[in-house]
Amino acid sequence: MDPAGPPAQPGSPVLGQAYPFDWGVHCGARYLRFAGRIWQAQAEVSLPPGLPGVHGPNSAPLVVPGYVTVTGADTARFEAPGYLREPAALRAVDDAPLCA
């Protein structure tokens, strides 16, 4: 996690290009907002202990530092080497709960 904040998100991401992204997971790893869209994880994402936070490990808000890659018109993946065992498959959705 960069103390200066995450890099700016692209308005129109290039298909297949990985973009650095800190996934805020204070309400679980189910939804993320990237490049003006809402993306929903297609399976449960198991979060490891010791995630980075603003004030050190496990301090709120928690984030998973990684990369988002748009893989299709409505699909993407989130990879977090060192944090997630496998990439999370994502699908674009129209809406998310308030806590997303």
Side-chain angles (χ1 to χ4, degrees):
M1 184 171 125
D2 181 349
Q9 294 182 21
S12 298
V14 175
L15 193 69
Q17 181 172 332
Y19 294 91
F21 186 80
D22 288 343
W23 187 355
V25 293
H26 66 281
C27 290
R30 190 71 177 146
Y31 296 91
L32 65 82
R33 295 176 190 273
F34 174 75
R37 298 183 80 182
I38 301 169
W39 303 87
Q40 181 178 9
Q42 295 304 288
E44 183 177 341
V45 177
S46 180
L47 297 174
L51 288 173
V54 173
H55 303 290
N58 293 318
S59 66
L62 295 176
V63 298
V64 179
Y67 300 88
V68 174
T69 303
V70 176
T71 57
D74 293 320
T75 59
R77 77 174 169 267
F78 179 80
E79 299 173 90
Y83 292 99
L84 301 181
R85 288 189 192 127
E86 320 180 338
L90 308 169
R91 180 163 303 281
V93 294
D94 292 330
D95 203 2
L98 290 176
C99 191

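Position 1 is the first residue of the sequence, and the numbers go up from there.
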Which pair of heavy atoms, one from [X] and one from [Y], lies closest together, and at what distance?
X: Pro48; Y: Leu84; answer: CD-CD2, 4.4 Å
X: Ala96; Y: Arg33; answer: CB-NH2, 4.4 Å
X: Arg77; Y: Pro87; answer: CD-CB, 4.1 Å
X: Ala76; Y: Val68; answer: CB-CG1, 4.4 Å
X: Val45; Y: Ala88; answer: CG2-CB, 3.8 Å
X: Pro13; Y: Val70; answer: CG-CG2, 3.7 Å

Side chain Gln42, main chain Gln40, donor-acceptor under 3.5 Å:
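Side chain of Gln42 to backbone of Gln40, a donor-acceptor pair under 3.5 Å: yes, one is there.
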Looking at [atom1] of [X] and [atom2] of [Y], how far apart are the two atoms once the value is rounded to the nearest 0.5 Å?
X: Arg30; Y: Glu44; atom1: CZ; atom2: CD; value: 8.5 Å
X: Thr71; Y: Leu15; atom1: OG1; atom2: CG; value: 7.0 Å
X: Phe78; Y: Tyr67; atom1: CZ; atom2: OH; value: 10.0 Å
X: Asp95; Y: Tyr31; atom1: CG; atom2: OH; value: 8.5 Å

Does the plane of the ring in Tyr19 sit parallel, tilted or perpendicular to the ring in Phe34? Use 30° and 60° as the thresholds.
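Rings of Tyr19 and Phe34: tilted, 30 to 60°.
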Give a yes or no on whether Trp23 and Leu47 share a hydrophobic cluster (residues Ile, Leu, Val, Met, Phe, Trp, Tyr; joining criterion: side-chain heavy atoms under 4.5 Å apart).
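Yes; tracing contacts between hydrophobic side chains, which count when under 4.5 Å, links both residues.
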